[in-house]
Amino acid sequence: IWETEGSLKPLALSKLPDFKVISTNESDESKKISDDLTEVVNTDMKSRQRRAVLGMAFSHHPVYYIGVIKAVWDYQKNDYDFIIVHPNNIVFDFYCPSKESTDMRVVAEYLPITPKEVLMRFPEAKEEFLKEFKKEKNIQVEDIPEKAMASKIKIMEVWFTWFEQNGDKWERIEGVLWKYNKVMLKKMKNPYFDYTGKKRLFSYKDNKKE
């Protein structure tokens, strides 16, 4: 089985599809920008780093029946990056009527992280988090041992869809939250959406952009 899997992986990665960026504007400038973006996207997707991530996801698929690749924003590179997520750390919306992730109301991930990193990322939830952490680990002393602060725990990162009423209309909200047990570390709207750009409204009836 291992040898068969080893032969299938390079075959699958040797024929990666080409992506095509298409502009709705017929001007020459827009077409040139689309062609340039097409070249950039295809070059990036076929890089050694991207192929390594795709290879790991392909290896997970036969065992876990799914491969998970997550898009994240790398603040050091000031660009998107793609990382592999172990399928055992993902929780899907089992009420979803289709296999499409965009139709899911909830997609959650268990994030392995140290308590010290939690305090660095979510300083506003420090008091509640430490109280819950001490309770779970049965720590009685005031100062938590450094070893405990460096040991991995799991928090949940939950991407969800919700609706808020705005006058006589309903607005679709795409959000994300982080929680440790019952402690809410942070909640916000989708940070990857350009809220300062063109306003987009969603119809609750047909779930399409208007």
Give a yes or no on this: more than 12 heavy atoms of other residues, nucleotides or ligands lie within 6.0 Å of atom [atom1] of [X].
| X | atom1 | value |
| --- | --- | --- |
| Asp28 | CG | no |
| Glu109 | CD | yes |
| Glu136 | CD | yes |
| Met56 | CE | no |
| Met188 | CE | yes |

Only counting residues at least two apart or in another chain, list the ones meeting ring pair (Phe, Tyr, Trp, His ring centres under 6.0 Å) with Tyr180. Phe129
Test side chain to side chain donor-acceptor pair (under 3.5 Å) on Glu164 and Trp162; report intermediate values, then the result. CA-CA 7 Å; Glu164 290 185 356; Trp162 195 244; 5.9 Å; no
Less than 6.0 angstrom separating the ring centers of Phe122 and Trp178, yes or no? yes
Check the pair Asn89 / Lys154 against side chain to side chain donor-acceptor pair (under 3.5 Å), numbers first and verdict last. CA-CA 10 Å; Asn89 287 335; Lys154 283 189 176 182; 3.1 Å; yes
Might you point out which heavy atoms bring [X] and [Y] nearest each other, and give the distance in Å?
| X | Y | result |
| --- | --- | --- |
| Glu124 | Leu185 | OE2-O, 3.7 Å |
| Lys46 | Pro17 | CE-O, 4.4 Å |
| Pro112 | Lys152 | C-CD, 4.0 Å |
| Ile139 | Pro145 | CG2-CD, 4.4 Å |
| His61 | Gly67 | CD2-N, 4.2 Å |
| Ile22 | Ser34 | C-OG, 4.0 Å |

Could you give the distance from [atom1] ([X]) to [atom2] ([Y]), rounded to the nearest 0.5 Å?
| X | Y | atom1 | atom2 | result |
| --- | --- | --- | --- | --- |
| Met149 | Asp143 | CE | CG | 10.5 Å |
| Phe19 | Leu37 | CZ | CG | 13.5 Å |
| Asp36 | Lys31 | CG | NZ | 14.5 Å |
| Thr38 | Ile33 | OG1 | CD1 | 11.5 Å |
| Lys32 | Asp35 | NZ | CG | 8.5 Å |
| Ile144 | Ser151 | CD1 | OG | 11.0 Å |

Donor-acceptor side-chain pairing of [X] and [Y] below 3.5 angstrom:
| X | Y | answer |
| --- | --- | --- |
| Ser23 | Asn25 | no |
| Gln140 | Asn138 | yes |
| Asn166 | Glu171 | no |

What residues form a salt bridge (Lys or Arg N to Asp or Glu O under 4.0 Å) with Asp93, not counting sequence neighbours?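 For Asp93, no residue satisfies salt bridge (Lys or Arg N to Asp or Glu O under 4.0 Å) once neighbours in sequence are set aside.
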Salt bridge or not between Glu174 and Lys189? Use side-chain N to carboxylate O under 4.0 Å.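 Looking at Lys189 together with Glu174, the answer is no, because their closest N to O distance does not fall below 4.0 Å.
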Using the rule given for salt bridge (Lys or Arg N to Asp or Glu O under 4.0 Å), can you reason through Glu146 versus Lys116, listing the C-alpha separation, both sets of side-chain angles and the distance that settles it, and then say yes or no? CA-CA 9 Å; Glu146 192 66 23; Lys116 182 165 286 189; 2.4 Å; yes
Is it possible for you to say whether Leu177 and Met120 belong to one hydrophobic cluster, with membership spreading through side-chain heavy-atom contacts below 4.5 Å? no
Give the C-alpha distance, both sets of side-chain angles, the deciding distance and a yes or no for salt bridge (Lys or Arg N to Asp or Glu O under 4.0 Å) between Lys179 and Glu132. CA-CA 11 Å; Lys179 63 188 292 287; Glu132 180 67 20; over 6 Å; no
In a table with atom names and distances, give each donor-acceptor pair under 3.5 Å that connects a side chain of residues 78-86 to protein atoms at least two apart or in another chain.
unit_1: Asp81; atom_1: OD1; unit_2: Gln49; atom_2: NE2; d: 3.4
unit_1: Asp81; atom_1: OD1; unit_2: Arg50; atom_2: NH1; d: 2.9
unit_1: His86; atom_1: ND1; unit_2: Asn88; atom_2: N; d: 3.1
unit_1: His86; atom_1: NE2; unit_2: Tyr64; atom_2: OH; d: 3.2

